[in-house]
Amino acid sequence: MPLVFVFCTFARLLHKDYIKQMTETKLNTSQPVTGSEALMLALKAEGVSTIFGYPGGSIMPVYDALYDYTRGPKKAFDHILVRHEQAATHAAEGYARVSGRVGVALVTSGPGATNTLTGVADAMLDSTPIVVIAGQVPIGALGTDAFQEVDLVGVAQPISKWSYQIRHAEDIAWAVSRAFYIARSGRPGPVVLDFPKNAQTEKVEYKQQKVDFIRSYVDTPPLDLEAVSKAAEIINSAKKPLALVGQGVELGNAQEELKAFLEKADIPAGRTMLGLSALPSNHPLNVGMLGMHGNYAVNLKEQECDVLIAIGMRFSDRVTGNLATYAKQAKVIHLDIDKSEIDKNVKTDVAVVADCKESLPAITALLHAADHKEWRSSFLPLDAKEREKVIEPAIHPKEGPLLMGEVVNAVAELAPDDTVLVTDVGQNQLFATRYFKYHHKRSICTSGGLGTMGYGMPAAVGAAFGAPERIVVCFMGDGGFQMNLQELGTIMEQQTPVKLILLNNNYLGNVRQWQDMFWNRRKSFTKMLNPCYELIAQGYGIAYEAVTERGRLADAIRKMLATKGPYILECAIREDDDVLPMTPPGMNVNDMMLSINV
């Protein structure tokens with residue numbers, strides 16, 4: 001789906017000219033309300049129940065209206081006061097990823113708005129539906145360099161699906177409904193609403209509006225039955241088919257349709273990092289994680305398969321390696337809702353541009369029941385080689401300090417099957433995604449495309465509010481932990497029951513590994529002088545335990561999981577613990593290394 005870039009004035013004209021294409025329902029027009037209260041009513045109409053935010057001068061009228069909508073007879077929302085605006089967007093992302101609903105962040109103008117941009121960019125690259133509402137100076141002061149004035153629409157346009165300035169209160173109902181429609185429909189993503197102070201205080205007779213059509217915006221392309229037929233024909237003739245499963249399956253709620261497709265045609269499936277919980281870890285057709293630090297067999301088999309079926313994934317460089325040599329022997333079928341992803345990185349033989357919840361069953365209906373036992377069996381020797389050389393040493397070491405892989409594996413074995421995994425970015429992310437176990441859909445929150453350190457802690461907060469019935473565990477390195485450490489204040493205030501697992505190796509571990517491998521061991525500014533995390537935990541009143549000995553690990557994890565409320569478990573990790581296997585950047589996927597010689 002192409003980015004939706006609409007200038008404010010043109011969007012207002014669309015509002016006026018195409019109002020007949022919207023459903024309008026009167027809610028409360030007997031008495032005019034302020035624009036701020038109109039915003040509350042519009043958010044309520046969209047089914048919003050949780051808002052992550054931080055108040056300030058230019059959004060103060062909204063926060064004054066919000067006061068009544070978080071308590072008493074008008075109560076409609078829970079407002080979670082974060083400690084930094086970036087955290088508001090990451091929390092909204094975590095909420096959206098596990099709940100399937102649109103996450104909402106509410107901030108002030110200027111630095112409050114610009115602090116959200118990392119989260120907006122993160123949500124754009126990972127197709128996460130969030131709406132960011134930011135205060136702005138009154139329209140009469142725009143362009144005067146007024147206090148805390150920033151051209152938010154201008155800076156947000158390239159990294160959002162839509163950014164718009166609500167200049168008058170009469171536009172609120174329409175703009176909010178349009179924002180949520182764009183954020184959640186088609187390929188989801190972030191929307192930014194810039195809300196000048198005059199529009200917050202103006203009076204308006206509020207009328208609920210429902211936007212379900214936008215001219216030139218095709219949220220779900222119609223299914224091309226000819227393409228479906230061609231795809232099925234190629235799959236039916238395949239001897240060595242391989243499916244690559246991405247987050248699009250999760251976003252389309254097509255997990256069951258995926259299973260039916262794979263099982264009928266007996267197709268082994270690898271999963272991208274963001275698509276890991278789209279297919280259970282123990283499913284017999286699951287052959288592991290794709291990518292630079294994925295599983296050995298599935299990466300090598302990409303260079304051997306005769307048909308490659310990409311489902312809701314974008315052929316990231318971290319998956320393909322060297323594009324010049326990637327899967328040249330295979331016919332490529334690409335299923336995606338976003339036409340712009342087709343042929344962007346990998347040339348396809350057949351493209352089925354549609355929602356995979358619709359395209360998968362359409363193809364499945366035309367497939368012959370198949371048996372690719374011999375092809376699937378060819379993965380086993382490579383799996384065994386990886387298990388011997390990489391996995392067993394990583395999760396069952398015989399001596400020495402703790403390793404990240406064994407901590408993740410121990411948590412995965414002891415945590416309930418419906419546990420949500422949240423990670424920060426770095427080695428902690430790569431070990432966690434490799435060794436965790438996925439049994440239920442929407443079980444992973446991690447920063448994929450942008451690779452945002454500091455994502456983990458606030459995303460875990462959002463995930464806990466998005467799925468309050470599930471345990472949320474968050475793996476972080478010592479670097480990422482400190483990037484949004486202030487969110488311990490949010491966790492303390494809300495008593496958010498997140499389990500924070502700090503894998504402390506006193507290094508920026510992923511950068512250190514690359515320095516060792518590619519930069520002659522010149523560890524330039526990756527060694528970390530860390531604080532006493534126990535004292536920090538005490539300061540925030542959060543339960544804490546440190547583990548330095550292997551024999552205490554399992555009991556410490558059980559205690560963490562049994563403790564009500566938040567918990568920090570610090571694990572002292574070997575400093576030179578490396579993530580393997582690894583495909584060096586720019587190399588072919590079948591050049592994957594099982595060991596490092598430096």
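You'll find the ring centres of Phe52 and His79 outside the 6.0 Å limit.
The closest side-chain heavy-atom distance from Thr144 to Glu149 is below 4.5 Å. Using a 4.5 Å heavy-atom threshold, the side chains of Val132 and Leu193 count as separate. Side-chain contact between Thr419 and Val472 is absent, with no heavy atoms from C-beta onward closer than 4.5 Å. The shortest side-chain heavy-atom distance between Leu152 and Val192 falls under the 4.5 Å cut-off. Here the side chains of Ile51 and Ile80 are not in contact, with every heavy-atom distance at 4.5 Å or above. Put simply, the side chain of Val245 does not reach to within 4.5 Å of the side chain of Met313, judged on heavy atoms. Side-chain contact check for His334 versus Asp343: every heavy-atom pair is 4.5 Å or farther apart. Here the side chains of Asp122 and Thr89 are not in contact, with every heavy-atom distance at 4.5 Å or above.
No more than 12 heavy atoms of other residues, nucleotides or ligands shown are found within 6.0 angstrom of NZ on Lys564. Residue Tyr69 qualifies as enclosed at atom OH: its count of foreign heavy atoms under 6.0 Å is above 12. Residue-environment remark: NZ (Lys357) exceeds the threshold of 12 foreign heavy atoms within 6.0 Å.
At least one donor-acceptor pair under 3.5 Å links the side chain of Ser177 to the backbone N or O of Val211. A donor-acceptor pair is defined here as one N or O able to donate and one able to accept, closer than 3.5 Å; no such pair exists between the side chain of Arg271 and the backbone of Ala278. Side chain of His293 to backbone of Phe431: no donor-acceptor contact under 3.5 angstrom is found. A donor-acceptor contact shorter than 3.5 Å is absent between the side chain of Thr496 and the backbone of Val498. A side-chain donor-acceptor contact under 3.5 Å links Ser277 to the backbone of Ser443. Ser160 places a side-chain N or O within 3.5 Å of a backbone atom of Ala156 that can act as its donor or acceptor partner. Side chain of Gln247 to backbone of Asp126: a donor-acceptor contact under 3.5 angstrom is found. At least one donor-acceptor pair closer than 3.5 Å links the side chain of Asp424 to the backbone N or O of Tyr455. Remark: side-chain polar atoms of Lys197 are not paired, donor with acceptor, to backbone N or O of Met60 under 3.5 angstrom. Proximity of a side-chain donor or acceptor of Glu37 to a complementary backbone N or O of Val33 within less than 3.5 Å is not detected.
Note on Glu46 versus Arg184: salt bridge recorded, some NZ/NE/NH1/NH2 to OD/OE distance being below 4.0 Å. With respect to Arg167 and Glu202, no salt bridge is recorded, no charged nitrogen being found less than 4.0 Å from a carboxylate O. A salt bridge between Lys75 and Asp78 is present, with a side-chain N of the basic residue lying under 4.0 Å from a carboxylate O of the acidic one. Classification of Glu341 and Arg187 as a salt-bridged pair holds, one side-chain N sitting under 4.0 Å from a carboxylate O.
Between the side chains of Gln427 and Asn510, no donor-acceptor pair of N or O atoms lies under 3.5 Å. For the residue pair Thr490 and Glu493, no side-chain donor N or O sits within less than 3.5 Å of a side-chain acceptor on the partner. In this model, a donor atom of one side chain and an acceptor atom of the other lie less than 3.5 Å apart for Glu570 and Tyr544. In summary, the side chains of Gln86 and Thr116 do not present any donor paired with an acceptor at a separation below 3.5 Å, with no hydrogens or angles considered.
Here Lys203 contributes atom NZ and Glu170 contributes atom CD; the two are 15.5 Å apart, rounded to the nearest 0.5 Å. Between the OG1 atom of Thr446 and the CD atom of Glu93 there is a distance of 10.5 Å, given to the nearest 0.5 Å. Atom-to-atom distance recorded for Gln200:CD and Ile172:CD1 is 8.0 Å, nearest 0.5 angstrom. Of the inter-residue distances, the one linking Met453 atom CE with Asn428 atom CG reads 8.0 Å to the nearest 0.5 angstrom. Once rounded to the nearest 0.5 Å, the distance linking CZ of Arg512 with OG of Ser524 reads 14.5 Å. Atom OG1 of Thr220 and atom CD1 of Ile337 lie 4.0 Å apart (nearest 0.5 Å).
Here the closest heavy-atom approach between residue Pro55 and residue Tyr63 is recorded as CA-CE1, 3.5 Å. Taking each heavy atom of Ala96 and Thr128 in turn, the nearest pair found is CB-CG2, 3.9 Å. Taking each heavy atom of Val137 and Ala146 in turn, the nearest pair found is CG1-CB, 4.1 Å. His90 approaches Gly119 most closely through the heavy-atom pair CE1-CA, 3.7 Å. Scanning all heavy atoms of the two residues, the minimum distance from Pro566 to Ile491 falls at CB-CG2, 3.4 Å. Considering all non-hydrogen atoms of both residues, Tyr95 and Val102 come closest at CE2-O, 3.9 Å.
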Evaluation steps, side-chain contact (heavy atoms from CB on, under 4.5 Å), between Leu43 and Ile133: CA-CA 11 Å; Leu43 292 176; Ile133 302 167; 4.0 Å; yes

Please lay out, stage by stage, how Leu485 and Ile536 fare under the test side-chain contact (heavy atoms from CB on, under 4.5 Å). CA-CA 9 Å; Leu485 181 148; Ile536 290 172; 4.0 Å; yes

Stepwise, does the ring-ring contact (aromatic ring centres under 6.0 Å, His included) test hold for Trp162 with Tyr181? CA-CA 11 Å; Trp162 186 51; Tyr181 172 58; over 10 Å; no

Quick one, Ile501 with Cys474, criterion side-chain contact (heavy atoms from CB on, under 4.5 Å). Give me CA distance, side-chain angles, the key distance, then yes/no. CA-CA 6 Å; Ile501 303 156; Cys474 178; over 6 Å; no

Could you go through Asn506 and Leu529, starting from their C-alpha distance and side-chain angles, then the distance that decides it, and tell me whether this counts as side-chain contact (heavy atoms from CB on, under 4.5 Å)? CA-CA 7 Å; Asn506 297 300; Leu529 178 61; over 6 Å; no

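Cation-pi geometry between Arg215 and Tyr217 is not met at under 6.0 angstrom from the ring centre and within 45 degrees of the axis.
Applying the ring-ring contact (aromatic ring centres under 6.0 Å, His included) test to every pair with at least one member in residues 475-499, sequence neighbours left out, gives these pairs: Phe481-Tyr533. Sorted by first then second residue, the salt bridge (Lys or Arg N to Asp or Glu O under 4.0 Å) pairs that include residues 48-57, not counting sequence neighbours, number zero.
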